[in-house]
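The next block holds one structure in the form of structure tokens; read it before the comments.
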Amino acid sequence: MAEAAHTPCVFSGIQPSGNLHLGNYLGALKRFVETQDRGIQSIYCVVDLHAVTVWQDPAALAHATRELTAGFIASGLDPERSILFNQSQVAEHAQMAWVFNCVARMGWMKRMTQFKDKAGKNAEQASLGLFAYPALMAADILVYHATHVPVGEDQKQHLELTQEIARKFNHDYGVEFFPVTEPVIEGAATRVMSLRDGTKKMSKSDPSDMSRINLTDDADTIARKIRKAKTDPEPLPETVKGLEARPEARNLVNIYAALAGESVEAVLADLGGRPFSEFKPALADLAVEHLAPISAEMARLMQDAAEIDRILARGAERARAIAAPILRETYRIMGMVGA
Ligand code: TYM
């Protein structure tokens, strides 16, 4: 297999578009820290070029970029051991994206459900960038020859497209250059749902703030949101099967399991049979215990914007050192003179 030749390297990204929430934490950040702690080369990116596929207020984008960086660090990411930077500081992402715009087919892009969801009925008014978004995402990953990408379930289709792009480039140029990257979608919280509707994903764009727990929420707010979370009248089941057709119960149990670092089975073995009036306070305590120190640390880090900017600039320099030779080799393979 071509990919076996590539050294393990993890890449993932998060958009700085405000409201970093529990879904991002459990589905992404917490798992990034675990990967780093296993000693695998890890590259994490605040994807500001992705964020501007829909209009962003410039001051708000700068704030969200720094706040997300603070969120990474407060969650336990060590910018010395991992590489942490913002996308626009490494021009190779946009350059590789152009190459992939020429590899990806219109038909592939038209199938992307996230574009359809985001553009809605107004596809004609969506930016060209929003349509091309998944090719930039493939560039983010492949410009480092990343072999593994930890993400939540909503990114699965984009990662399949990344594989298609790598395969087509390798095939079209008769090389085994790009790895066929593996999505890593694991654990109890790869799809954290809204606290108001267990059939909808927890999302930063939900108009109701009660639908999500933000990493910037204080302890009282976290506890209140959990207390008010939608549930059903039954007590918790004893088995995983008993969560079927109970989306809200399943979501809260998944959140509990992910926060506690336990399996869903273990949580139900312990708490099965309890009513929500007992389970919710236990979940609120667990959430506050985990998240309050993160939000406090984020607020502390945000007091020194210059230090955050230094961390991002240093990360960008390290990222560029990996990306530049891979882009140059890509150009060389394609016949670009001077590469
Ligand atoms: P973004 O910014 O929407 O989300 C960041 C990460 O959080 C995960 N996530 C969730 N996980 C569980 N439950 C949820 N409710 C939930 N909501 C979000 C996402 O799956 C993601 O892992 N296109 C990406 C950013 C990106 C990227 C990349 C990711 C750009 N380039 C390259 C990986 C590799 C996005 O918009 O994620």
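Order of listing sets the numbers, starting from 1, for every ligand and every atom in it. One is the number of the first residue; the rest follow in order along the sequence.
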Self-check item: More than 12 heavy atoms from other groups under 6.0 Å of NZ on K228
Solution: no
Quiz item: Who pairs with F169 by ring-ring contact (aromatic ring centres under 6.0 Å, His included), at least two apart in sequence or on another chain?
Solution: Y173, F178
Practice problem: Could you go through the ring pair (Phe, Tyr, Trp, His ring centres under 6.0 Å) check for H158 and Y133 one step at a time? | Solution: CA-CA 9 Å; H158 289 158; Y133 180 117; 5.7 Å; yes
Quiz item: Just by distance, do the side chain of D304 and the backbone of L301 share a donor-acceptor pair under 3.5 Å?
Solution: no
Quiz item: With hydrogens left out, which residues have an atom under 4.0 Å from ligand 1, given that only heavy atoms count?
Solution: F11, S12, G13, I14, Q15, H21, G23, N24, G27, A28, V47, H50, Y133, M137, D140, I141, V149, V151, G152, D154, Q155, A189, T190, R191, V192, K201, M202, K204
What side-chain donor-acceptor pairs closer than 3.5 Å can you find for residues 187-194, not counting sequence neighbours?
residue	atom	partner	partner atom	Å
S194	OG	R196	N	2.9
S194	OG	D197	N	3.2

Give every donor-acceptor pair under 3.5 Å between a side-chain atom in residues 316-339 and any protein atom, sequence neighbours left out.
residue	atom	partner	partner atom	Å
R318	NH1	P79	O	2.9
R318	NH1	E80	O	3.4
R318	NH1	S82	O	3.2
R318	NH2	E80	O	3.1
R320	NH2	Q89	O	3.0
E329	OE1	R332	NE	3.0
E329	OE2	R332	NE	3.4
E329	OE2	R332	NH2	2.8
T330	OG1	I326	O	2.6

